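Working notes for the structure below.
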There are 4 protein chains.
Amino acid sequence: MTTDQTPPVAGAKPLRADARRNRARLLEVAEAVFTARGTGASTEEIARHANVGIATVFRHFPTKEALLEAVLVRRLERLAEEGRRLAAETGPTDALFAFFDLVLDQSPVKNAFAAALADAGVDVRAATSEAGRALGQVLTALLDGAQRAGVVRRDLEVPELTAILVGTCRMLEHLDGHPESAKRARAVVRDGLRACTGSVEGPSPHGHSCP
Amino acid sequence: MTTDQTPPVAGAKPLRADARRNRARLLEVAEAVFTARGTGASTEEIARHANVGIATVFRHFPTKEALLEAVLVRRLERLAEEGRRLAAETGPTDALFAFFDLVLDQSPVKNAFAAALADAGVDVRAATSEAGRALGQVLTALLDGAQRAGVVRRDLEVPELTAILVGTCRMLEHLDGHPESAKRARAVVRDGLRACTGSVEGPSPHGHSCP
Amino acid sequence: MTTDQTPPVAGAKPLRADARRNRARLLEVAEAVFTARGTGASTEEIARHANVGIATVFRHFPTKEALLEAVLVRRLERLAEEGRRLAAETGPTDALFAFFDLVLDQSPVKNAFAAALADAGVDVRAATSEAGRALGQVLTALLDGAQRAGVVRRDLEVPELTAILVGTCRMLEHLDGHPESAKRARAVVRDGLRACTGSVEGPSPHGHSCP
Amino acid sequence: MTTDQTPPVAGAKPLRADARRNRARLLEVAEAVFTARGTGASTEEIARHANVGIATVFRHFPTKEALLEAVLVRRLERLAEEGRRLAAETGPTDALFAFFDLVLDQSPVKNAFAAALADAGVDVRAATSEAGRALGQVLTALLDGAQRAGVVRRDLEVPELTAILVGTCRMLEHLDGHPESAKRARAVVRDGLRACTGSVEGPSPHGHSCP
DNA sequence: GATGAATGAGCCTTCATTCAT
DNA sequence: GATGAATGAAGGCTCATTCAT
């Protein structure tokens with residue numbers, strides 16, 4: 001699985017060695033800075049942390065938004081990759097939950113991931129949605145496996161699975177520093193995902209919908 | 001439901017009629033603008049939408065942050081009030097779920113509520129935390145009733161309840177325009193909240209934790 | 001000697017009792033505030049300290065500049081008055097020096113007086129220069145007396161006397177908190193003023209010019 | 001007289017040619033504008049006079065206060081340098097008085113110098129006080145030489161010397177356009193500085209204190 | 001006549017982006 | 001291809017002054 005960041009556009013000149021290094025370092029640093037300081041962090045700060053002139057940032061990413069997008073894409077790609085790995089290394093019974101835990105435990109990225117996806121939703125660039133599509137395929141596989149194994153309710157589909165993941169990130173972000181509460185909150189989501197039929201019908205909340 | 005905008009500070013002189021009108025309008029507009037455009041929206045934009053000079057905004061709220069806080073407090077107060085009403089008008093079996101639905105259905109506020117609580121967590125002003133405390137009491141009552149009625153798992157406490165609400169807002173925000181997925185996602189959370197014992201122990205996701 | 005602040009313009013309506021009180025209080029407060037905080041102090045701050053609405057300030061003084069000018073005029077008038085008193089109560093040998101000391105010792109006003117005169121120089125309003133003229137007459141009398149008494153060099157005239165006073169204020173302001181240095185600096189000026197002939201000729205600083 | 005604008009900080013990279021030009025021009029213009037319009041002059045005005053965008057000002061001086069300080073430091077440094085030159089080129093009998101005349105004759109700087117020292121007193125930044133210290137050493141040398149030569153009263157020390165210089169600037173500023181008065185006023189100060197013993201004792205202004 | 005809310009011009013500062021070196 | 005200086009459009013906030021109560 002190559003971590004090649006060169007955009008796979010045909011005809012794109014291969015970058016010079018230092019240029020490729022700079023681009024990689026920039027993405028690394030940008031992710032760290034945006035995660036730590038929020039999307040509002042200045043491009044200059046990123047350039048400084050990367051030991052690079054400001055103009056170099058703009059040579060690689062013509063716009064701040066483009067940089068944000070590239071960071072997001074990289075995240076999605078990484079997640080997809082880890083998802084694939086889990087699907088391969090773990091049985092279908094556990095893989096989906098393992099993936100959830102993996103995402104939710106990425107403490108520094110928690111917030112960032114949520115924010116990233118949210119922004120992605122707003123700003124659907126082609127590239128982004130391509131990376132999103134790849135992640136979607138992975139999630140499809142994981143979900144399908146779990147449902148076949150009977151550990152996840154059958155009425156679930158991928159869109160809401162993503163949303164649940166995002167929402168749970170937010171939820172845990174909100175419980176930072178309260179591990180007991182976080183543990184219980186995660187249990188709520190986990191149990192909600194488990195195999196049971198429907199309950200989707202009607203707002204009537206009486207009685208348990210998992211038979 | 002009083003729409004009384006007078007701040008409940010004891011020694012504060014009652015505002016002049018026009019001033020009170022402006023203050024109210026500003027809060028209204030600010031909530032709308034911040035909700036639509038995010039926290040980064042400019043104070044000038046708010047002033048313009050409120051048909052008011054920029055200085056008027058700063059007369060009422062000495063700082064942009066203060067304005068944000070006031071908007072947030074108003075939201076929390078409104079929610080607390082609606083929670084109280086539900087607790088009074090609805091049986092304990094339904095009240096908590098009704099409150100959830102009520103919050104989650106407030107389409108324009110969805111995003112805003114989440115952001116608000118998040119910001120509140122960061123910026124715990126006295127006023128904010130007071131309003132938050134009031135809401136907390138309401139949630140305590142609702143949760144307690146639901147647990148006594150046996151419709152919500154007994155191991156839940158208020159902190160995670162709030163977080164779950166916030167996270168679910170985010171989740172639905174992410175599913176805007178996909179009503180079917182949203183319905184299913186809500187079902188997941190609802191079922192996760194239902195009465196069952198524990199499941200908090202260990203990461204073992206095999207088998208259902210609701211006996 | 002009345003401290004009547006009513007402008008002596010013929011045909012001016014006599015102010016209502018409270019209005020006169022407000023005007024007086026405003027001048028008092030304005031002098032204090034401008035002295036303490038500098039000319040940049042806001043009119044609102046002055047209004048607040050005077051327990052008066054902001055509009056009241058502008059009713060009495062149509063402009064911030066007008067208020068500054070009024071404060072300055074009051075200062076000049078007060079100084080002229082004290083100068084007259086000294087001329088009457090003290091012998092010509094001491095009166096001028098006593099006046100100097102009196103001015104220089106007005107600790108809180110030191111700075112203010114200098115600044116005031118400077119601003120006055122820039123902004124020569126009719127009123128200001130009238131008050132300045134009155135003070136000039138007093139100085140003329142004091143200087144004349146001292147020269148006749150032979151305690152001040154004969155080549156001095158009023159313009160430079162004023163300037164020396166202003167400059168000495170500044171000088172002492174700069175030595176605030178260093179009483180020993182201030183004492184010596186005042187001695188320098190005092191000795192420079194004493195009776196001696198000329199020294200005005202040429203820049204040749206060799207030898208003492210006081211024979 | 002080096003007009004080297006490079007800050008003498010060790011590890012600071014040498015500025016690019018155009019940057020150095022702009023920095024120098026900015027200092028020049030800022031001194032002129034602040035002198036003419038007072039410290040309240042807007043940074044935009046300075047930028048405009050320097051044919052530079054506003055952001056360029058803030059690139060070179062991160063704060064308006066920093067710009068003011070830089071202007072002040074430059075002044076102090078220039079004065080110290082000229083003082084040193086005078087001490088070297090002129091005999092001790094004349095050097096101090098020559099320095100006084102030099103400062104007092106710098107027409108455009110007159111006011112500025114006073115204001116600068118005053119502000120320096122208020123805002124003792126490290127850099128400022130360093131430049132002030134350098135100037136202090138020069139004054140010490142000049143004063144010492146003059147006292148040894150017997151042309152200045154022995155009881156004078158540097159602090160009051162500075163203050164006298166500042167005050168005299170103010171004095172002359174006040175006599176702008178009245179050269180005859182200015183000449184006489186300068187004579188007063190000069191004679192006050194001349195060799196004589198004490199007179200510091202007591203407020204008794206009778207009789208000449210120079211024996 | 002007093003009050004204080006409203007106003008808009010202006011100030012300092014930041015930031016994404018372009019240009020000369 | 002990299003660098004960092006320059007740019008100007010905002011943004012938050014203040015203040016003298018006007019207007020409605």
Side-chain angles (χ1 to χ4, degrees), chain A residues 13 15-20 22-23 40-48 51-67, chain B residues 13 15-23 40-47 50-67, chain C residues 13 15-20 22 40-48 51-67, chain D residues 13 15-23 40-47 51-67:
Chain A
K13 264 196 271 181
L15 292 173
R16 238 165 54 179
D18 55 346
R20 210 167 51 236
N22 278 340
R23 196 188 137 88
S42 82
T43 41
E44 291 234 23
E45 187 175 355
I46 290 168
R48 208 177 319 121
N51 284 323
V52 152
I54 178 68
T56 301
V57 180
F58 281 87
R59 169 167 295 276
H60 285 288
F61 308 96
T63 270
K64 187 187 181 181
E65 207 182 0
L67 175 55
Chain B
K13 269 196 248 181
L15 290 173
R16 233 165 60 182
D18 55 347
R20 206 165 56 234
R21 252 198 323 277
N22 276 337
R23 196 189 137 90
S42 83
T43 42
E44 292 230 22
E45 186 175 353
I46 290 170
N51 284 322
V52 153
I54 179 66
T56 300
V57 181
F58 283 90
R59 161 171 283 274
H60 286 286
F61 308 95
T63 271
K64 186 187 179 180
E65 208 184 356
L67 175 56
Chain C
K13 264 196 270 181
L15 292 172
R16 236 163 57 178
D18 56 345
R20 209 165 53 234
N22 277 341
S42 82
T43 40
E44 291 235 22
E45 186 175 355
I46 290 169
R48 209 176 321 121
N51 283 323
V52 152
I54 179 67
T56 302
V57 180
F58 280 87
R59 170 167 295 274
H60 285 288
F61 308 96
T63 270
K64 186 187 182 179
E65 208 181 0
L67 175 55
Chain D
K13 270 195 246 181
L15 290 173
R16 233 164 59 181
D18 54 347
R20 206 165 56 235
R21 253 199 321 277
N22 276 338
R23 195 189 138 90
S42 84
T43 41
E44 292 229 22
E45 186 175 356
I46 291 171
N51 284 324
V52 153
I54 180 65
T56 301
V57 181
F58 283 89
R59 161 170 283 273
H60 286 285
F61 308 95
T63 271
K64 186 187 180 181
E65 206 182 359
L67 175 56

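Just so it is clear: chains get the letters A, B, ... in the order the sequence lines come, proteins before strands, and each one is counted from 1. Please read these numbers as outputs of a predicted model, since none were measured by experiment.
Counting non-hydrogen atoms under 4.0 angstrom, C:Ala55 reaches a base of the nucleic acid. The residue B:Thr43 sits close only to the backbone: its heavy atoms come under 4.0 Å of sugar-phosphate atoms, none of a base. Nucleic acid contact class of D:Thr56 (heavy atoms, under 4.0 Å, all strands): base. Within 4.0 Å (heavy atoms only), A:Ala41 reaches sugar-phosphate atoms of the nucleic acid but no base atom.
Rounded to an integer number of Å, the gap from CZ of B:Arg20 to C1' of F:dA20 is 16 Å. B:Arg23 places its CZ atom 16 Å from the C1' atom of E:dA6, with the value rounded to the nearest Å. Straight-line distance from the CD1 atom of D:Ile46 to the C1' atom of E:dT13: 15 Å, rounded to whole Å. Atom CZ in D:Phe58 sits about 17 Å away from atom P in F:dG11, given to the nearest Å. Going from atom NZ of D:Lys64 over to atom P of E:dG10 covers 15 Å, rounded to whole Å. The separation between C:Leu67 atom CG and F:dT17 atom P is 10 Å, rounded to whole Å. Going from atom CD1 of C:Ile54 over to atom C1' of F:dT14 covers 13 Å, rounded to whole Å. Between the CZ atom of B:Phe61 and the C1' atom of F:dG11 there is a distance of 19 Å, rounded to whole Å.
Between C:Asn22 and the phosphate of E:dA2, there is a side-chain N or O to OP1/OP2 separation shorter than 4.0 Å. Residue B:Thr63 places at least one side-chain N or O closer than 4.0 Å to OP1 or OP2 of F:dC13.
Without hydrogens or angle criteria, B:Thr63 side chain to B:Ala66 main chain gives no donor-acceptor distance under 3.5 Å.
Between A:Glu44 and C:Val52, the residue anchored nearer the 5' end of DNA chain E, judged by the nucleotide with its closest heavy atom, is C:Val52. Between B:Arg21 and D:Arg16, the residue anchored closer to the 5' end of DNA chain F is D:Arg16, taking for each the nucleotide with the nearest heavy atom. For B:His60 and D:Asp18, each mapped to the nucleotide of DNA chain E holding its nearest heavy atom, the one lying further toward the 5' end belongs to B:His60.
Across D:Arg20, D:Arg16, D:Arg21, a single residue satisfies side-chain hydrogen bond (donor to acceptor under 3.5 Å, both in side chains) together with D:Asp18, and that is D:Arg16.
Overall bending of the helix from E:dA2-F:dT21 to E:dT21-F:dA2, expressed as the angle between end axes built from five pairs apiece, is 10° (10° steps).
For the atom pair CG of B:Leu67 and NE2 of B:His60, the computed distance is 11.0 Å after rounding to the nearest 0.5 Å. Remark: D:Arg59 CZ to D:Asn22 CG distance equals 11.0 Å, nearest 0.5 Å.
Between D:Lys64 and D:Phe58 the shortest heavy-atom distance is N-CE2, 4.3 Å. What you find for C:Val57 and C:Ala47 is that their closest heavy atoms are CG2-CB, 3.7 Å.
Nearest to the side-chain atoms of A:Arg59 among the listed nucleotides E:dA2, E:dA16, F:dA2 stands F:dA2.
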